[in-house]
There are 2 protein chains.
Amino acid sequence: MPDHHPARSRRTTERKGDVRERAILDTCEALLAQQGYDAMTVGDIAQGAGITRGALYFYFGSKQEVVTALVARTVEHLWERSRATAQTDDPRQAIAAAMRRTVELWNEHGLVMRTAIDLSLTVPEIGELWSHTADLFITAIAAVLERAGVEAGTEPEQASAMARALCWMIERTFYHASQKSREELQKASSTCEHIWLISAGLVA
Amino acid sequence: MPDHHPARSRRTTERKGDVRERAILDTCEALLAQQGYDAMTVGDIAQGAGITRGALYFYFGSKQEVVTALVARTVEHLWERSRATAQTDDPRQAIAAAMRRTVELWNEHGLVMRTAIDLSLTVPEIGELWSHTADLFITAIAAVLERAGVEAGTEPEQASAMARALCWMIERTFYHASQKSREELQKASSTCEHIWLISAGLVA
DNA sequence: TCAAAAAGTCTACACAACGTCGATTTTCAT
DNA sequence: ATGAAAATCGACGTTGTGTAGACTTTTTGA
């Protein structure tokens, strides 16, 4: 709506701060991998981003806010990615596709996802982001179960509740497997897919 | 080997320190419920136990050590309790009994169990305790699956791997449900039991 | 073009919690 | 009752946090 200059792409300039902000998040992600959340200090992040602590506080109010922003950035990816996945009517294919996608997501973003899970209790904002993400998955799983013939509803043995349990199974199994290796993750995926299929009544 | 006094039961007296130590752990558990791990300070624990910080460091080297001891104490309970459970040959009954027992454990010790899970990554000792506990459950679940006819082995679709996934499903589902209410926990239990039964091939 | 406003940065400070130390008091077995 | 071991205390040094105010760079618009 604003900005009528004809031959100009959306945002004219990229604020210097935008670059720094990205540098901060990138550094945070790297440090998270190297030292873990507790060991990582605000000074470390600032240093890695090429500024002082004082300057970092211009961008974020605390270490928690930095990590929250990092999680938000990552979760954004997940959502985009999920939206972009082709839809299938055949439950079997839908399940296979979902598991394949999930493996990719954990391979790419496992570290941040694990961090998000770990901090969900401590940092309410992150808990919010993660539980919202989980809800998306639960809804998707429930839809597949229903299409496969599982009775719809929220009672303990109906689709919604089962989808929730399956979602947590996948989350936790992948959480552990992604800490070990890609091979483990792949195996874990097979197991989860198998249980999902059985739960949907799609296996003898 | 030492101590030959005939008419004396094992430990003659209970050291004053033993009482204090228990008081510290009790206080820690209470504070954990009230404020959570991060908010809880060593000073708080000491005060709650009726001593100063300095004195507390006579018993434990750090806040983490205190919590680790608390987790160890609780986990001890779990093991005793599990050992004391009647064994059944009928898989259906075994599953029902296991789930019933699990609900009880989470009702009684949910807070500490959740704390143990949360700190597993940060505090290696706690991670150790918890993963060992999980292994016990995984072994038990696998045994039931095998007795129900699931092929034994560690490949992705065999008993061990499935048991692991089911264990994480139960852990995570109970983790969340126990934060809400006993009713939620009960429902969660039904759902998990259902999926376990299906996975064992015990449901049409 | 250029000056004022906005954005970004730095150093220094005050604070909270941690863990340690040495001195001191209490407990307890003989 | 007494001496060694157990338990307690208060004070100290350290580290990491978040804030404040002064300073520099960048952007904006007349």
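Residue numbers begin at 1 in each chain, while the letters A, B, ... track the order of the sequences. Excluded from the calculations below are hydrogen atoms, water molecules and symmetry mates; all remaining heavy atoms, backbone and side chain alike, are included.
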Taking only side-chain N and O atoms of [X], does any of them lie within less than 4.0 angstrom of OP1 or OP2 on [N]?
| X | N | result |
| --- | --- | --- |
| T41(B) | dA16(C) | no |
| S62(B) | dC18(C) | no |
| Y59(A) | dT9(C) | yes |
| T52(A) | dC10(C) | yes |

Nearest whole Å is fine: how far is [N] [atom2] from [X] [atom1]?
| X | N | atom1 | atom2 | result |
| --- | --- | --- | --- | --- |
| R15(B) | dT8(D) | CZ | C1' | 16 Å |
| L56(A) | dG16(D) | CG | P | 15 Å |
| E21(A) | dT9(C) | CD | P | 11 Å |
| M40(B) | dA17(C) | CE | P | 13 Å |
| F58(B) | dT8(D) | CZ | C1' | 9 Å |
| I51(A) | dC10(C) | CD1 | P | 7 Å |
| Q64(A) | dT17(D) | CD | P | 11 Å |

Q) Which of the following nucleotides, dG19(C), dA7(D), dT17(D), is nearest to the side chain of R53(B)? A)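 Per side-chain heavy atoms of R53(B), the pick is dG19(C).
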Q: Name the closest nucleotide to the R20(B) side chain, picking from dC18(C), dT9(C), dT8(D).
A: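 Per side-chain heavy atoms of R20(B), the pick is dT8(D).
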Q | Heavy atoms from other residues, nucleotides or ligands near CD of E128(A) exceed 12 (cutoff 6.0 Å) | A |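 12 or below, so no.
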Q) NA contact type, G54(B), heavy-atom cut-off 4.0 Å: base, sugar-phosphate, or nothing? A)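 Answer is base: heavy atoms of G54(B) come under 4.0 Å of a base.
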Q | Upstream residue (5' side of DNA chain C) when V42(B) and K16(B) are each assigned their closest nucleotide | A |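 Result of the comparison: V42(B).
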Q. Any chance the side chains of E183(A) and S181(A) put a donor and an acceptor closer than 3.5 Å?
A.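 Side-chain D/A pair, E183(A) to S181(A): present.
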Q: Verify whether one side chain among R114(B) and S178(B) offers a donor that lies under 3.5 Å from an acceptor in the other.
A: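 Yes, because at least one side-chain N or O of R114(B) sits under 3.5 Å from a partner of the opposite role on S178(B).
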Q | Side chains of C192(A) and M99(A) in contact at under 4.5 Å (non-hydrogen atoms) | A |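 Of all side-chain heavy-atom pairs linking M99(A) with C192(A), at least one is under 4.5 Å.
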Q) With a 4.5 Å limit on heavy-atom distance, are the side chains of N107(B) and V103(B) in contact? A)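 Yes, close enough: below the 4.5 Å cut-off.
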